[in-house]
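Heads up: the structure comes next, in structure tokens.
Ligands are counted one by one from 1 in listed order, and the atoms in each one are counted from 1 as well. All residue numbers in this chain count up from 1 along the given sequence.
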Amino acid sequence: MQIGIDRLGMYSPHFFVDLKDLAEARGVDPNKFIIGIGQSEQAVAPSSEDVVTMGANAAAEFIDDIDTSKVGLVILGTETGIDASKSGAVIIQRLLGLPEWVRTYEIKQACYGGTAGLMTARDYVAAHPDKTALVIAADIARYGLNSGGEVTQGAGAVAMLISANPAIMTINDDSVFMSRDIMDFWRPVYTDLALAKGKYSTEQYIKFFDDVWARYQQQTGLTLDDFAAVNFHLPYTKMGLKAFWTALPEVSEDKQTALLDAYQESTVYSRRIGNIYTGSLYLGLVSLLENDGHVQAGDRLGMFSYGSGAVGEFFSGELQEGFARFLHADAHREYLDSRQRLSVAEYERVFNNKVPYSADDYSADPQYLSGRYVLTGVENQERQYEERPE
Ligand code: CAA
């Protein structure tokens, strides 16, 4: 039985900062951000958006088109959850109006949480072929104003419906994964700002890719020639490229060019949204499918997932006949083009206006509400969510 991605949705906040503006404000050559890091714009999440609202907004792209009575599992993969105990998945279940006969929970392992959710969902559908699973990968990447990681922030979510006989892409049973306890990036519970050893994290990402890719080749006998494209976890768009460069010399120059072209298409959305941690690999998949005119049914795609701390996994998928009918390319492009550009001063104000780490009540600024689902505030330490009229 083939199992995989039957529907794909994405969401990112309505606000962004242009990285040329940010470079100027920080006294940096804009080419460092645009070429050196490979980012042009960065989504800015107002305090009315969190992983619950963004995840629900991503799933809203297809939820009305699916049979929700078949959904037996809802997993939220995130490393920026909104509660240390309760999962965001159960709130998303309510917001989306899903039946109560469903298992809901949250998975955390840095940027690997989305893949952990996907693989768990795959196993669930293998055991219950008549059921489907909703996997949501959502995060807000925050390193702090003026920090080394500021240029690699971002916010957004990807939602995937996993089913038997999927409409978009099968997930092959060929995963190679690896775990190693390292401190390259983490976030202590007292803060919403991530800590990262920038250069070390970059080296570790590349090392994990090299190790799982070598083992994948040994175990499957496949080479890069067998892939139409490889999608990478993208903390910034140059990052995947640095890892890819280590493997590309294995194939002819023509094949390298084709793979690099596909790589560029897989980074179109990330370049404009930034790092969305757990969802970033899957944002790359959406970007590839919606922007690359060359990938077609039957193509094998590689997927490299990396979650600091660290877990790496390489697996493949096969595109299905008619997959393009289930994408939202025009709507996504129009949405990204219609976002509101914030000045650096405004971005800093929005960044600092956040739900406090305290028992105080809080109201989100109504001028920054966007998306179908929003967080209006916190009352008596309970987060208040609302569905807005369309
Ligand atoms: N024109 C063109 N390029 C320029 C330039 C200019 N004027 N100025 C500098 N550059 C280039 C540099 O040569 C460099 O290129 P290479 O990496 O190819 O050598 C690039 O711009 C970046 O320059 P620096 O190395 O000096 O950048 P930095 O010290 O500011 O650090 C960073 C960059 C490490 C990514 C930092 O932003 C950071 O710490 N980010 C957060 C951590 C992170 O994203 N790590 C990635 C792996 S961890 C992971 O995958 C999990 C996750 O999602 C976080």
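- In this structure, Lys242 is part of the shell of residues with a heavy atom less than 4.0 angstrom from ligand 1.
- When non-hydrogen atoms are compared, ligand 1 lies under 4.0 Å from the side chain of Ser308 (C-beta onward) but not from its backbone.
- The aromatic ring centres of Phe209 and Phe304 sit less than 6.0 Å apart.
- At a distance under 4.0 Å, no protein heavy atom can be found next to atom 13 (O) of ligand 1.
- Residue-ligand proximity, Gly198 to ligand 1, at heavy-atom distances under 4.0 Å covers atoms 34 (C), 39 (O).
- Contact annotation for atom 32 (C) of ligand 1: protein absent (non-hydrogen atoms, distance under 4.0 Å).
- Ring centroids of Tyr112 and Tyr306 are separated by 6.0 Å or more, keeping the two rings apart.
- Looking at heavy atoms from C-beta onward, Ile75 lies out of side-chain contact with Tyr124 at the 4.5 angstrom threshold.
- Polar contact check, Lys199 against ligand 1: a nitrogen or oxygen pair lies under 3.5 Å apart.
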Task: Criterion salt bridge (Lys or Arg N to Asp or Glu O under 4.0 Å) on Arg300 and Asp226, from CA distance to verdict - done: CA-CA 7 Å; Arg300 182 192 299 271; Asp226 297 299; 5.8 Å; no
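- The part of Lys238 lying near ligand 1 is the side chain, judged by heavy-atom distances below 4.0 Å.
- Within ligand 1, the atoms closer than 4.0 Å to a non-hydrogen atom of Gly149 are 37 (O), 38 (C), 40 (N), numbered from 1 in the order shown.
- Considering only non-hydrogen atoms, atom 52 (C) of ligand 1 lies nearest to Cys111 out of Ala110, Ala194, Cys111, Gly36.
- Protein heavy atom at the shortest distance from atom 35 (C) of ligand 1 is Tyr236 CE2, 3.3 Å.
- For the pair Gln153/Phe351, a side-chain contact is recorded, criterion being any heavy-atom separation below 4.5 Å from C-beta on.
- Asp292 places no side-chain N or O within 3.5 Å of a backbone atom of Leu288 that could act as its donor or acceptor partner.
- Across Ala155 and Ser12, no two heavy atoms sit closer than the pair O-OG, 2.8 Å.
- A 4.5 Å side-chain heavy-atom check between Val230 and Phe314 finds at least one atom pair inside the cut-off.
- Only the side chain of His233 comes within 4.0 Å of ligand 1, judged by heavy-atom distances.
- Among protein heavy atoms, atom 40 (N) of ligand 1 sits closest to Thr152 OG1, 3.3 Å.
- Using a 4.0 Å cut-off between heavy atoms, Asn31 contacts ligand 1 through both its backbone and its side chain.
- When the options Glu49, Gln340, Arg339, Arg388 are evaluated for a side-chain hydrogen bond (donor to acceptor under 3.5 Å, both in side chains) with Ser370, the one that passes is Glu49.
- Lys32 N, 3.6 Å is the protein heavy atom nearest to atom 6 (C) of ligand 1.
- Taking atom 45 (N) of ligand 1 as the reference point, the nearest protein heavy-atom neighbour is Ser201 OG, 2.9 Å.
- Residue Leu375 is tested with Leu369, Val355, Val52 for a side chain to side chain contact (heavy atoms under 4.5 Å, CB included); the sole match is Val355.
- Scanning the protein heavy atoms around atom 44 (O) of ligand 1, the nearest turns out to be Pro235 CB, 3.6 Å.
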